[in-house]
2 protein chains.
Amino acid sequence: MGNPKYHVLIANSDTIKSLYYNKVLTSGEVSSYTGKSIPHVIKVLTELKNKGYIEERGLATSTGGRKPITYSLVAKSHYIVSVAIDRHSASLVMVDMNNNFIGEVEQHEFDLHHLSADNLVDIISAFIGNSSVAKSKIIGLGLTMPGFVDTVKGINYTYMNLRDDSLVDFIQRHLHLPVFIDNDSTAIALAEQKFGVAANSKNAMVLNLGWGIGLGMILNDQIFRGDNGLAGEFSHIPLFKNGKLCDCGKHGCLETEASFVAIVANAKEAIGNGETTSLANYPELNADRIIEEAIKGDRFAVKLISEAAYHVGEGLAILIHLMNPRIILLSGKGSVVGKIWLAPIQQALNEHCIPMLTSFTEIAISDLNNRAQLIGGAALVIESLGKTFQDKLDTLKAEPVNQIH
Amino acid sequence: MGNPKYHVLIANSDTIKSLYYNKVLTSGEVSSYTGKSIPHVIKVLTELKNKGYIEERGLATSTGGRKPITYSLVAKSHYIVSVAIDRHSASLVMVDMNNNFIGEVEQHEFDLHHLSADNLVDIISAFIGNSSVAKSKIIGLGLTMPGFVDTVKGINYTYMNLRDDSLVDFIQRHLHLPVFIDNDSTAIALAEQKFGVAANSKNAMVLNLGWGIGLGMILNDQIFRGDNGLAGEFSHIPLFKNGKLCDCGKHGCLETEASFVAIVANAKEAIGNGETTSLANYPELNADRIIEEAIKGDRFAVKLISEAAYHVGEGLAILIHLMNPRIILLSGKGSVVGKIWLAPIQQALNEHCIPMLTSFTEIAISDLNNRAQLIGGAALVIESLGKTFQDKLDTLKAEPVNQIH
DNA sequence: AAAAACTTTTTAAAATTTTAAAAAAGAATT
DNA sequence: AATTCTTTTTTAAAATTTTAAAAAGTTTTT
């Protein structure tokens, strides 16, 4: 069964993680991240260096003493495949051990409802085959997508639900690679926690402003997924008595007033009533077009987003009362026009929150934007190094992973 | 500085905690709770036994092998003072190391808005003085109360806010005991996690059904307090467009429809309109009277609670979408009539939740009832053993705790 | 009743990890 | 330029903790 790279990565997972998330660290810094003593950390670093996993990166500056040696992971020693799926497309990218994207992000368009697990395996297989990276250097695949995802069982109850089989097991069998799955919004939160604006926040709410409004949560420095991985259904909290039917079958979900689902519906209705806007020029409207026109300055597009933003703020007021987060971070594709969301959200919070609570919570805009989900998918694989990864290899003993190499 | 009892308790805090929460354990069980090997655990247990902290409790049964020795904490080796405050009273009790209440629970009535820190110190001081327990055997005091509580700074922003001083530091200086403070609902959640129905739930929402509706959260097996200890303001989530003014200054809080605040207001209004109910016999109505009459079977009292319960259910529907808890536990004084709350809550969830989510969440009723907060206060002291306790002793070095002994 | 099977406890050796002190390297000060 | 101070790295000893094997105690089976 044994591929030695896994043993080394798993046995030293805390050190590997700290270097992956921080790029360049001194032995002292690794010591504080891992909670181990410096002599011990230096022993581990030396061993990892000798095995080719990490390399020295020169001396750091000092304020009056010996300059510390810095270390980082050897970027091209291993790779991770990140597959980010949304309701209408998949993005695939190869990520190296310094969290760099290798080559172009590959895009595929489809309707997620009609995507089969076979289709997906073919897409990923071809991507890996066409890449410049030897398959033996790939340590795993991070698959992130909307829906009710059980990360432990490897099942997405909403999409590609295989009944008798787990989606993750299915893909693993065909690709002979360890595969890890997570919800798209959770992946975005993970990316923001490790590489984004939420990096130093013990408690953060990360909004995925997309077709719906996803929510990824960082609580007590941990990603929170709920008891079955189904937490963060912000889009479907029952908030309005508007009678509007939601995709989920209920009425009055936040999504019916506050997401691009609502924005597009409102746009179409207003255009039908003769609203003068550049949006009227498009035969078919979607989130991307409205975002584009809002950036160009179309007043009506901005107004539509602002109205939705106020309703998002009403939902966030609830969230703040319940969770008392350090930061609420606007991320996902809609955050490209983050500034438009900001003022109405703040307005809603002023009206609906206890002032003491809002005073402790900052509202911020992501700088990872549409790369967040892909970064999160790769981080998901790194994050699972350690016990989760070992358990996966153990369960795959009978049917070994990576036997092709 | 040193009182040796603290050193032993702190150095072996994981073992002490596992025994306090589980009463009687074998070495193997302590090993799995603490994550240490059996030879190591046995060494620790032997040492604690020799020092008089724990004792053997005979052999446990076996299904075909050597019977394991069981251990528990020596009940009378040390004590904890638990002080549970609500809006109108304080309860004090002495708790031994087996989580037994020693002597009677002492009650004091007041309006919390008019209680000063000096008053409180006097009450606690007299209670300790009148108790049968030697002060040197008391390891600490757990103070639990409503309001915005910062457990780290030891401040309650809502009540007894001393401006230039922290409430906890103030009490410590006067009692010469380590003091730990927490929000009432959080304490109840802690009690339910360690000794109640939520004991085996990784994720639990514990409702404190009282004058307001408090919420204590257990997430990923940890008590969650938010970034500043202000999480769980379930009572004040803005949910209704009813225009009703809430104590907090906002309109339409959950509390305005779903708590005993609302129940009492609705009762008074209906009685004014001639409603026939045994509640009409009371000159002054409060939560306790309505609960009493509901238990006796007064139909109107039951109807009032049921209406409030439905609105609580509307709030819980939001909570389930956000948190995907394993269990929602009805606790606090209102849970004495838990069955009355249950059906309307379930009804609201059926109407407002995605069925997949409700299928994973159980609604249950506490069996700790009004003892929960006191148990939680004592558990708070035990839970802080380890780093938190050590930090407290360190900051008190200059002004030593327990120097009186 | 003796043997076998099983579980817990004890013992001893091995490993991991930390502490403390010394050495090395660089910056600041005289 | 030499000295002093600071920080990092290395070394060696001490401690903690685990692993593996043996011993002890109970129950089940023969």
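Lettering of chains follows the sequences in order, A, B, ..., and the numbering in each one begins at 1. Quick caveat: nothing in here was measured; it's all calculated off a predicted structure.
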Under 4.0 Å between any heavy atoms, over every strand shown, what does [X] touch: base, sugar-phosphate, or nothing? Just pick one.
{"X": "A:Leu45", "answer": "nothing"}
{"X": "B:Lys36", "answer": "sugar-phosphate"}
{"X": "B:Ser27", "answer": "sugar-phosphate"}

d([atom1], [X]; [atom2], [N]) in whole Å:
{"X": "B:Tyr71", "N": "C:dT8", "atom1": "OH", "atom2": "P", "result": "13 Å"}
{"X": "A:Asn12", "N": "C:dT17", "atom1": "CG", "atom2": "C1'", "result": "14 Å"}
{"X": "B:Ile69", "N": "D:dG25", "atom1": "CD1", "atom2": "C1'", "result": "10 Å"}
{"X": "A:Leu25", "N": "D:dT8", "atom1": "CG", "atom2": "C1'", "result": "16 Å"}
{"X": "A:His40", "N": "D:dT11", "atom1": "NE2", "atom2": "P", "result": "17 Å"}
{"X": "A:Glu56", "N": "D:dT8", "atom1": "CD", "atom2": "C1'", "result": "13 Å"}
{"X": "A:Glu47", "N": "C:dT17", "atom1": "CD", "atom2": "C1'", "result": "15 Å"}
{"X": "A:Ile38", "N": "D:dT11", "atom1": "CD1", "atom2": "P", "result": "16 Å"}

Report task. Select from B:Pro39 and A:Pro39 the residue whose nearest nucleotide in DNA chain D is closer to the 5' end of that strand. Result -> A:Pro39
Requested in this report: Would you tell me if any nitrogen or oxygen in the side chain of A:Lys67 comes within less than 4.0 Å of OP1 or OP2 on C:dA27?
Outcome: yes
**Report entry** Aromatic contact, A:Phe180 with A:Phe389 (centres under 6.0 Å)
**Finding:** yes
Query raised in the report: Of A:Gly35 and B:Arg66, whose nearest nucleotide on DNA chain C comes first from the 5' end?
Result: B:Arg66
Report summary line: Result for 5'-nearest mapping on DNA chain C, choosing between A:Ser37 and B:Ile42, is B:Ile42
Query raised in the report: Cut-off 3.5 Å, side chains only: do B:Glu56 and B:Thr70 have a donor facing an acceptor?
Result: no
Query - Donor-acceptor pair between B:Tyr20 and B:Glu383 side chains, under 3.5 angstrom - result: no
Report task. Return the orientation label for the A:Tyr53 and A:His78 ring planes: parallel under 30°, perpendicular over 60°, tilted otherwise. Result -> tilted
Query - Residue A:Pro68, side-chain heavy atoms: nucleotide from D:dT9, D:dA20, C:dT19 that is nearest - result: D:dT9
Requested in this report: Answer yes when A:Asp391 and A:Lys387 have at least one side-chain N-carboxylate O distance shorter than 4.0 Å, and no when they do not.
Outcome: yes
